[in-house]
Amino acid sequence: MEQRHLGRTGLRVSRIGLGTLTWGRDTDEHDAADMLKVFWEAGGTLVDTADVYGDGESEYLLGQLVEGLVPRRDLVISTKAGSVPDPDRRFDGSRGHLLSALDASLARLGTDYVDLWHVHAYDAGTPLEETLHALDLAVSSGRARYAGVSNFCGWQLAKAATWQLAAPGIRTRLASTQMEYSLLQRGVEREVLPAALDLGVGLLPSSPLGRGVLTGKYRHSTPADSRGASEHLAPFVAPYLDETAGSIVDAVQTAADGLAATPLQVALAWVRDRPGVAAPIVGARNAQQLTAALSVEALTLPDEICRALDDVSAPLHRYPDHDWSTL
């Protein structure tokens, strides 16, 4: 699998990442092991998790598989901290919480360091410089090799990345931002992606298949074994089952038919090759699904197909995103 630099750093990652959101909850150790082995054998390196996935079980399961199944040195392990199960606040970006969470993640993962550590979300209740100082301490102590953010809007990302760049050699450059991005969700193109491109921050798209909807599996019904039928994930899939999404899914199917490819391959190739994207993070239910996703490595979409998909999925961006004189 092709490797790409993550942002303006020396870290290289596989251009498809493996997501572990459901590991330890809906995905058991046998399916997880099969997927990790398939991913590694295909040349995949980037494995993404978080301290809250499965209440920590995702990290623990990944830690149990590393070394016994796949050499630690062959993986780029990415995790996140900051989300909290607190009725009074959803996110805690305080230095104390983040560093304690990182130590707990390392214990579950069974490793001395993570290759990439993200702040899971912006915490308006904590000064941003305090949150970012936690990243500096994590990197300077060797507990994280690179750092990034997740779910920061455009101004938040620009402020954070600029703050870090203001003291080179003292503060650690933001390597990445993880955001939802697909043909069904192009909101990052308004401000997040331009900021990331300008500041040298690599984009790691989550839900690159539109929460599974772009595979076409929901065109006529909801399969019983799909995430859309899952108690935990049905509300996650539901927003992308409307008429607007349906027209985009139909266009992806048409493109796939013309290319003798699958809708999954077309949708994933589109987001993988967007400017600024380092590696879409793909979640799968089993090794068969993951193998189908990894087969996109052989596909590059023709320019005319990309333009057609751009047009059919174009979000409505007006002032101030476009030059006011053209409105």
Side-chain angles (χ1 to χ4, degrees), residues 5-13 17 20 45-53 55-67 70-84 86 91-123 125-152 156-157 159-178 199-202 204 278-279 281:
H5 282 281
L6 185 58
R8 213 166 290 155
T9 74
L11 179 62
R12 286 165 58 84
V13 298
T20 65
T45 61
L46 178 62
V47 181
D48 181 74
T49 186
D51 62 348
V52 293
Y53 291 175
D55 294 326
E57 288 300 313
S58 173
E59 289 181 327
Y60 178 76
L61 181 50
L62 177 58
Q64 294 298 299
L65 297 176
V66 173
E67 290 301 354
V70 175
R72 171 68 180 89
R73 65 179 180 275
D74 287 356
L75 297 180
V76 175
I77 295 178
S78 166
T79 194
K80 313 176 198 71
S83 294
V84 291
D86 188 321
F91 310 113
D92 187 346
S94 67
R95 181 171 50 242
H97 171 77
L98 291 176
L99 293 175
S100 293
L102 176 57
D103 289 339
S105 289
L106 294 175
R108 285 189 292 269
L109 288 164
T111 184
D112 295 330
Y113 70 94
V114 290
D115 301 276
L116 182 60
W117 188 45
H118 291 97
V119 176
H120 210 155
Y122 184 83
D123 175 18
T126 300
L128 181 59
E129 59 268 29
E130 178 182 336
T131 296
L132 296 172
H133 189 219
L135 300 182
D136 299 334
L137 291 172
V139 172
S140 64
S141 67
R143 287 177 283 177
R145 299 291 168 83
Y146 294 86
V149 295
S150 175
N151 298 307
F152 276 40
Q156 293 164 353
L157 173 63
K159 183 178 180 181
T162 301
W163 176 267
Q164 294 303 97
L165 289 171
I170 298 173
R171 300 175 192 157
T172 185
R173 167 191 284 274
L174 294 187
S176 56
T177 180
Q178 189 171 144
L199 292 159
V201 178
L204 299 174
I281 307 297

Kindly indicate whether the side chain of [X], heavy atoms from C-beta on, has any atom under 4.5 Å from the side chain of [Y].
{"X": "Y146", "Y": "T9", "answer": "yes"}
{"X": "L102", "Y": "L106", "answer": "yes"}
{"X": "V119", "Y": "L132", "answer": "no"}
{"X": "I77", "Y": "L62", "answer": "yes"}

Between [X] and [Y], what is the shortest heavy-atom contact and its length?
{"X": "G17", "Y": "A279", "answer": "N-CB, 4.3 Å"}
{"X": "V149", "Y": "H118", "answer": "O-CD2, 3.3 Å"}
{"X": "A278", "Y": "H5", "answer": "CB-O, 4.3 Å"}
{"X": "V201", "Y": "A161", "answer": "CG2-CB, 4.2 Å"}
{"X": "A144", "Y": "W117", "answer": "CB-CB, 3.9 Å"}
{"X": "L6", "Y": "G202", "answer": "CD1-CA, 4.3 Å"}

Notebook entry, point to check: Does a sphere of radius 6.0 Å around CG in D112 hold more than 12 heavy atoms from other residues, nucleotides or ligands, not counting ones at 6.0 Å or beyond?
Noted result: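 No, not enclosed.
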Next item on the list: Check the surroundings of atom OH in Y60: do more than 12 heavy atoms from other residues, nucleotides or ligands lie under 6.0 Å from it?
Entry: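 Not more than 12 within 6.0 Å, no.
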Next item on the list: May I have the step-by-step check of side-chain contact (heavy atoms from CB on, under 4.5 Å) for R145 and V76, ending in yes or no?
Entry: CA-CA 10 Å; R145 299 291 168 83; V76 175; over 6 Å; no
Next item on the list: Could I get the full list of ring pair (Phe, Tyr, Trp, His ring centres under 6.0 Å) partners for F152, not counting sequence neighbours?
Entry: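 Testing F152 for ring pair (Phe, Tyr, Trp, His ring centres under 6.0 Å), a comparison that skips the adjacent residues, returns Y122.
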Short side-chain to backbone donor-acceptor contact, [X] and [Y], under 3.5 Å:
{"X": "R72", "Y": "L75", "result": "yes"}
{"X": "T20", "Y": "D48", "result": "yes"}
{"X": "E130", "Y": "R95", "result": "yes"}
{"X": "T131", "Y": "G93", "result": "yes"}

Drop me the distance from [X]'s [atom1] to [Y]'s [atom2], to the nearest 0.5 angstrom.
{"X": "D115", "Y": "R73", "atom1": "CG", "atom2": "CZ", "result": "13.5 Å"}
{"X": "D51", "Y": "D103", "atom1": "CG", "atom2": "CG", "result": "12.0 Å"}
{"X": "L109", "Y": "T79", "atom1": "CG", "atom2": "OG1", "result": "6.0 Å"}
{"X": "R143", "Y": "L99", "atom1": "CZ", "atom2": "CG", "result": "5.0 Å"}

Next item on the list: Would you sort out whether L116 and S176 count as a side-chain contact (heavy atoms from CB on, under 4.5 Å), showing the intermediate values?
Entry: CA-CA 9 Å; L116 182 60; S176 56; 3.6 Å; yes
Next item on the list: Show your reasoning for whether side-chain contact (heavy atoms from CB on, under 4.5 Å) applies to L46 and L204.
Entry: CA-CA 10 Å; L46 178 62; L204 299 174; 4.0 Å; yes
Just checking, any donor-acceptor pair under 3.5 angstrom between side chains of [X] and [Y]?
{"X": "T49", "Y": "E59", "result": "no"}
{"X": "H120", "Y": "S83", "result": "yes"}
{"X": "Q164", "Y": "D136", "result": "yes"}

Checklist line | The single option from L174, L157, L199 passing side chain to side chain contact (heavy atoms under 4.5 Å, CB included) against T162 | finding: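 With T162 as partner, side chain to side chain contact (heavy atoms under 4.5 Å, CB included) holds for just one option, L199.
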Note to self: Can you see whether W163 has R171 sitting over its ring - NZ or CZ less than 6.0 Å from the centre and within 45° of the normal?
What the structure shows: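 Here R171 passes the 6.0 Å and 45° test against W163.
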